[in-house]
Amino acid sequence: ACILSLHWAGMNWFDSICQSFSAMSLGGFSPHDDSVGYFNSVPIEVVLSIFEVVAAGNFATYYLMLRGRNARVLFADKEIISMGALAALGVLGVTFYLWLDGVYPNLLTSLRYTSFNLITIGTTCGYANTDFAKWPMFATMWMLFLSSVLVCSGSTGGGIKILRFLVLLRFLQVLVWRVCLPRHAVLEPWLAGRRLEEGEIQEALLVIFLFIGVIVLSWLPFLAYGYDPINALFEVVSATGTVGLSTGVSNPHLAPLLK
């Protein structure tokens with residue numbers, strides 16, 4: 001479906017096949033040095049964005065939906081709903097931010113570049129159609145956050161997965177409730193209609209803290225070498241989350257330790 005859609009959008013068969021395998025695996029590699037920017041085509045960007053979101057979803061949920069022929073399974077999945085809501089809010093927020101900041105001359109242009117790059121980075125695919133390194137710091141930091149948490153478990157993406165992020169949020173919510181409510185109040189963390197077991201919470205928190213720890217330990221050598229903190233952080237998070245994009249820090253002349 002992705003191959004046919006890309007060919008219909010204007011790609012030749014070779015590029016359609018290469019880009020489709022890259023998009024569905026969320027690998028982000030392209031036969032062209034300019035990545036998706038080589039095509040300069042809105043239909044191609046829309047097709048790739050759609051299939052990247054599909055690849056970022058839970059394939060177990062897709063299986064249950066197809067087996068039961070019931071689309072409600074998809075919309076009942078807490079991960080997929082959260083992923084869609086977070087991506088939509090991010091795209092809308094950054095679109096208006098870049099437009100108001102004067103990065104792009106009009107709202108539609110801002111929407112085009114923001115939506116494609118936030119989706120491709122958030123899903124850890126790693127395509128690009130513009131030099132986002134020139135965007136303001138807020139947009140860069142938001143992309144880093146999305147690349148770490150947006151994709152679902154059971155997908156082809158990287159990062160800690162949005163399920164673990166939801167477990168973290170629910171755990172913190174319960175901690176706050178326990179401080180605010182009387183001591184005898186019975187509070188238990190629930191997510192998607194089921195109670196979270198203590199082992200599930202511990203495993204989720206462990207992965208999150210290990211992910212953050214690897215990022216911090218990998219970031220410090222870049223700072224010691226004098227690189228810009230934000231660009232270095234983007235580089236490290238991109239590598240750890242398997243996004244594969246760079247703000248220009250990674251190059252053939254990078255110090256062996258940093259490689």
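Remember, predicted model here, so these are calculated numbers, not experimental data.
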Of all heavy-atom pairs between I44 and M11, which one has the smallest distance, and what is that distance? CG2-CE, 3.5 Å
Answer yes or no: are there more than 12 heavy-atom neighbours, outside N106 itself, under 6.0 Å from its atom CG? yes
For residues 223-251, pull every pair meeting ring pair (Phe, Tyr, Trp, His ring centres under 6.0 Å), keeping only residues two or more places apart or in separate chains. F132-F234, F222-Y227
Is Y63 atom OH crowded by more than 12 heavy atoms from other residues, nucleotides or ligands, each under 6.0 Å away? no
Taking all non-hydrogen atoms of both residues into account, name the closest pair between A56 and T123 and its distance. CB-CG2, 3.7 Å
Tell me, do T124 and L150 make a side-chain contact under 4.5 Å, heavy atoms counted? no
Taking it one step at a time, do S20 and F51 satisfy side-chain contact (heavy atoms from CB on, under 4.5 Å)? CA-CA 8 Å; S20 294; F51 282 96; over 6 Å; no
Please examine the side chains of S115 and E45, heavy atoms only from C-beta on, and report whether any two atoms are closer than 4.5 Å. no
Is it true that D15 and H7 share a donor-acceptor pair across their side chains at a distance under 3.5 Å? no
So do F39 and H32 actually touch side chain to side chain, heavy atoms under 4.5 Å? yes
Please check if atom OH in Y104 has more than 12 non-hydrogen atoms from other residues, nucleotides or ligands closer than 6.0 Å. yes
Out of curiosity, L118 CG to S147 OG, how far, rounded to the nearest 0.5 Å? 10.0 Å
Between R164 and E79, is the closest basic N to carboxylate O distance under 4.0 Å? no
Answer with yes or no whether the side chains of N129 and N117 bring together a donor and an acceptor at under 3.5 Å. yes
Side chain to side chain, Y97 and T114, heavy atoms closer than 4.5 Å: no
Side chains of L166 and R170, heavy atoms from C-beta outward: is any pair under 4.5 Å? no
Is there a side-chain contact (heavy atoms from CB on, under 4.5 Å) between I17 and F21 once you walk through the steps? CA-CA 6 Å; I17 294 171; F21 278 102; 3.6 Å; yes
Taking the side chain as every heavy atom from C-beta outward, state whether S49 and T120 have any pair of such atoms under 4.5 Å apart. no
Please check if atom CD in E198 has more than 12 non-hydrogen atoms from other residues, nucleotides or ligands closer than 6.0 Å. no
Does W219 have any side-chain hydrogen bond (donor to acceptor under 3.5 Å, both in side chains) partners at least two apart in sequence or in another chain, and if so, which? none
N70 side chain to M65 backbone, donor-acceptor under 3.5 Å: no
ILVMFWY cluster, I212 and L172 together (side-chain gap under 4.5 Å): yes
F75 atom CZ: more than 12 heavy-atom contacts under 6.0 Å: no
Do Y127 and S22 have a side chain donor and acceptor closer than 3.5 Å? yes
Is K259 atom NZ crowded by more than 12 heavy atoms from other residues, nucleotides or ligands, each under 6.0 Å away? yes
